[in-house]
Structures are given as structure tokens and as C-alpha cells.
Number of protein chains: 2
Amino acid sequence: MKLTNLQQDFVLHFGEMGSRWGINRTVGQIYALLFLSSEPLNAEQITEGLGVSRSNTSMGLKELQAWNLVRLRHFPGDRRDYFTTPEDMWEITRILIAERKKREIDPTLTKLRELEMQAPAGDDYAEARIAELREMIELMTGFYDDMEKLETERLVKMMTLGSKIAGLIDKTSGALTLGRRKEVK
Amino acid sequence: MKLTNLQQDFVLHFGEMGSRWGINRTVGQIYALLFLSSEPLNAEQITEGLGVSRSNTSMGLKELQAWNLVRLRHFPGDRRDYFTTPEDMWEITRILIAERKKREIDPTLTKLRELEMQAPAGDDYAEARIAELREMIELMTGFYDDMEKLETERLVKMMTLGSKIAGLIDKTSGALTLGRRKEVK
DNA sequence: TCTAAATTTCAGAAATTACTGAAATCACAG
DNA sequence: CTGTGATTTCAGTAATTTCTGAAATTTAGA
């Protein structure tokens, strides 16, 4: 398993970015390698391609599976495990966001609600701030949950239109300004 | 600077989450403490409140300033620096997203474009995959840039409406279905 | 059941990151 | 200037995370 320059460069970048993304270098590199491979790879190929220990590859693959970022594949007459990333970029994106939300946001949302329950009713400012933070997180995650449900095609349209869509929202009414085209100029 | 139970609990949680968020424990705790304080705090108060070394507080505050997450304040007749977080939850959110984008996404987008430029024209699959990834990142960051421009009020409306908005988008036309209410039932 | 390949586990080593205390620097009132 | 308080820097240490190699476990065909 000799990497091309392109693969090498991409893999090293993902390794370096790994720590910023909350994964370690090897995990980043394994993912990068699988992402660029049209064929599924087994642990031995990955180990050789990256120049890390076999056990490190094993642990890295385990973590990627915990993140739900890789898929297991098998070939007839070969009992080794082969790994791939999902083909569909949208699926990958959804998984990434969902998993980061689970690890980085959900525990805090739970904690904030817990703190509000206990309500020691002493520090008004702190309590208000916590409520504000919880509300913000709920608004953002609620919006995401909503977007998540859309078909990819609509989602792309919507994202492409971007703020143009916002022009449709009437600031004061709280309803969409349907059937009434805004005067231009 | 004695912390209330509520503050203590919140601060410890932010410390623990810090590593998942790409900051260290102390930085998380300092931010949490400032976030809950109605009054600006100086480094000495933070040090005492958290039970860390003065130098650690100094480094943590420096990092929070690099993240643009705290504001410096001064009082007449007192030459110490006092720190606060912005009052406005939306401002905090915008800063957080912008800074994470800068650290976690922009370097990769740059690298992907660089890889596409060099174009070794050997590995078609890898090249296509890189292009796909770049396009996805551009779509998402472009959408964010667009949202970012909106007034808070419109943004809240839009997020609250969520997928209801998507119903307005005509899947095939690529344009908004303005002035033509969809038949219901 | 036995065997060998495939994979995982795990204790210790290596690398990295976080933290401290002491010294250096800075800033400003007198 | 000078002296004092505030802040930063930084070398060394502590804590944590990552990685490896060897041993243990799992798996499936013979």
C-alpha cells in the first residue's frame, strides 16, 4: 500500500487537523485514507499505508466505528474486515454533525437543565444566564433537527438561497409573507 | 471570591467539557466563571475562585482573548484588568462559530484548494472526492456567511420556522414559490 | 476439536499538553 | 526617574494522551 502524493498530502493534513477536531492523529489519518480510497481497505493495508503499528490501527478503527464514520465490508473467501467511508458526502456530513452534537452539546444541555431544576434561587444573574444559554442551544439544535429531516435536494436549494429566504420572513408578523411580492426599487 | 454551588457546578462542567471543545480545563473554567458573573472580574479573583495558579489564569485569559471571547474593562482608580463576556448571547454564538470555523475549517478548505491546484491528474477517484468535500464545505460555510449577515430578529424567526420554510422551495424550479400559494389537501 | 489467521487488549514507553513558581517585564503614580 | 503593584514569560514538572509490542482472544475453516 504505497500512497500517491495526493493521498499522502491529504492524509498528513487530516492527521495534523485531528487534534483540533477532537480526534488523534492516527484516527484522522485513517479516516483520510479511507475517504480517498475507492476500494475498501483492511487493517493491514492501512497500517502499511500510514506507517503506524497494527494495534494503533485497530484502536483507530474502533474509534471511527464509535463515531459511526466507517462501514465494515467483507469479500467472499477473505475473512479480514475491510473498511470504507460512506459514498454520499451528505451522509458523512450528517453523521459528523450528529456525533459532534452528541459529544459536545448534549451533555451540556443536560447539565444546564439539571442546574435549572435544582434552582437554588440565590443568584438571579447566573440563573438567567444559564437559561439564556439553554434557550440558545435549544434554538440551534432544534433548527438543525428540522433541517436534518429535509431531503437533500431541498436542503441544497435552501442553503444556496441562503439569506434570500430570510427576505420572505416578515419581521413583525411572525408569519411568512406568502402571496405578496415585495416591491422592488 | 467564593463560588456559589451553582457557579461551582457550572464551572466544573465547563472545565470537563473543555477538552472536547478544543480548550483546556482552566480556559473552560475561566470562561464559565466570567459568563456567570454580572460584574467583571480581575485575574486575582478568577485565580482565587478557581484555585489555580496566577500564571495559569494569565495564560487562560490570553487564550480567551485570542478567541475573542472576553472583553477587557477598567475601573477608575484601579489599574487592574477586569474581564467580562459579552452580554448578548447572539454575539457570543457568532464569535464561537466564527472562531471555530477559522481554526477547524478554513485551514482544510485552503489545503483542499491547494491540492486541486496542484492537480497531479493521476487518481481520479481521490480528486473527485476532494472536490466533493470542498464543495460541501463551501456550501455550508457560504450558507453560514449568509445567515451571519441577518439581523438577529429575522434569524430567530427563520430558525423557529425551520423546515416550514423549506416547504416554500420548489424542488424543480430552483426559485422560491412566491406569489403562488401551494394548494393544501 | 484443532489450528492458524485476524483482531483486540493492555502495560509500559514516548510524546504532547497543561500547570506552577520564580523571575522578568510592564505600567503608572508619586 | 523610582518604586510598587500588575501582568507575562518561561523553564521545569506534572498530568494526560497517544502509540507500540507482546500477549490474549476471537473467528472460521480444516
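Quick caveat, the model's predicted, so the values are computed rather than measured. The chains referred to below are lettered A, B, ... by the order of the sequence lines, with proteins before strands, and numbering in each begins at 1.
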Asker: Kindly state which residues belonging to residues 13-28 of chain B come within less than 4.0 angstrom of DNA chain C, counting heavy atoms of the residue only, listed by number.
Answerer: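 DNA chain C contact set from residues 13-28 of chain B: B:N24, B:R25, B:T26.
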Asker: Please list, chain by chain and in numerical order, all residues satisfying salt bridge (Lys or Arg N to Asp or Glu O under 4.0 Å) with B:R79, sequence neighbours excluded.
Answerer: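 Partners of B:R79 under the salt bridge (Lys or Arg N to Asp or Glu O under 4.0 Å) test: none.
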Asker: Taking salt bridge (Lys or Arg N to Asp or Glu O under 4.0 Å) as the test, write out the residues that go with A:K62, two or more places apart.
Answerer: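 Counting only residues at least two positions away or on another chain, A:K62 forms no salt bridge (Lys or Arg N to Asp or Glu O under 4.0 Å).
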Asker: Report the residues that fulfil side chain to side chain contact (heavy atoms under 4.5 Å, CB included) with A:I95, sequence neighbours left out, ordered by chain and then residue number.
Answerer: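 If we apply the side chain to side chain contact (heavy atoms under 4.5 Å, CB included) test to A:I95, skipping adjacent residues, the hits are A:N68, A:L69, A:R71, A:P86, A:E91, A:E99.
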Asker: Scan nucleotides 5-14 of chain C nucleotide by nucleotide, 5' to 3', and note B when protein non-hydrogen atoms come under 4.0 Å of the base, S if they reach only the sugar-phosphate, - if neither.
Answerer: BSSBB-----
Asker: Please report, rounded to the nearest Å, how far the C1' atom of C:dA15 is from the CG atom of A:N56.
Answerer: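 One finds 13 Å between C1' of C:dA15 and CG of A:N56, rounded.
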Asker: For B:E114, check salt bridge (Lys or Arg N to Asp or Glu O under 4.0 Å) against everything at least two apart and list the hits.
Answerer: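 In terms of salt bridge (Lys or Arg N to Asp or Glu O under 4.0 Å), with neighbours along the sequence ignored, B:E114 is linked to B:K111.
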Asker: What is the distance, rounded to the nearest whole Å, between atom CD of B:E63 and atom C1' of D:dT8?
Answerer: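 Distance, rounded to whole Å: 15 Å.
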Asker: My understanding is that only residues two or more places apart in sequence, or in another chain, count here; which of them pass side chain to side chain contact (heavy atoms under 4.5 Å, CB included) with A:A131?
Answerer: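 Listed in chain order: A:E116, A:R134, A:E135.
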Asker: Output all residues satisfying salt bridge (Lys or Arg N to Asp or Glu O under 4.0 Å) with B:K101, sequence neighbours left out; order by chain, then residue number.
Answerer: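 Scan of B:K101 (salt bridge (Lys or Arg N to Asp or Glu O under 4.0 Å), adjacent residues dropped) gives B:D106.
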Asker: Grab the two heavy atoms, one from A:E104 and one from B:R20, that are nearest each other, plus how far apart they are.
Answerer: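 Closest approach of A:E104 to B:R20, heavy atoms only: OE2-O, 3.5 Å.
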Asker: Partners of B:S53 by side chain to side chain contact (heavy atoms under 4.5 Å, CB included), sequence neighbours excluded?
Answerer: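 B:S53 satisfies side chain to side chain contact (heavy atoms under 4.5 Å, CB included) with B:S55, B:N56 only.
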Asker: Without decimals, in angstroms, what is the distance between B:L50 CG and C:dT20 C1'?
Answerer: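 Distance, rounded to whole Å: 15 Å.
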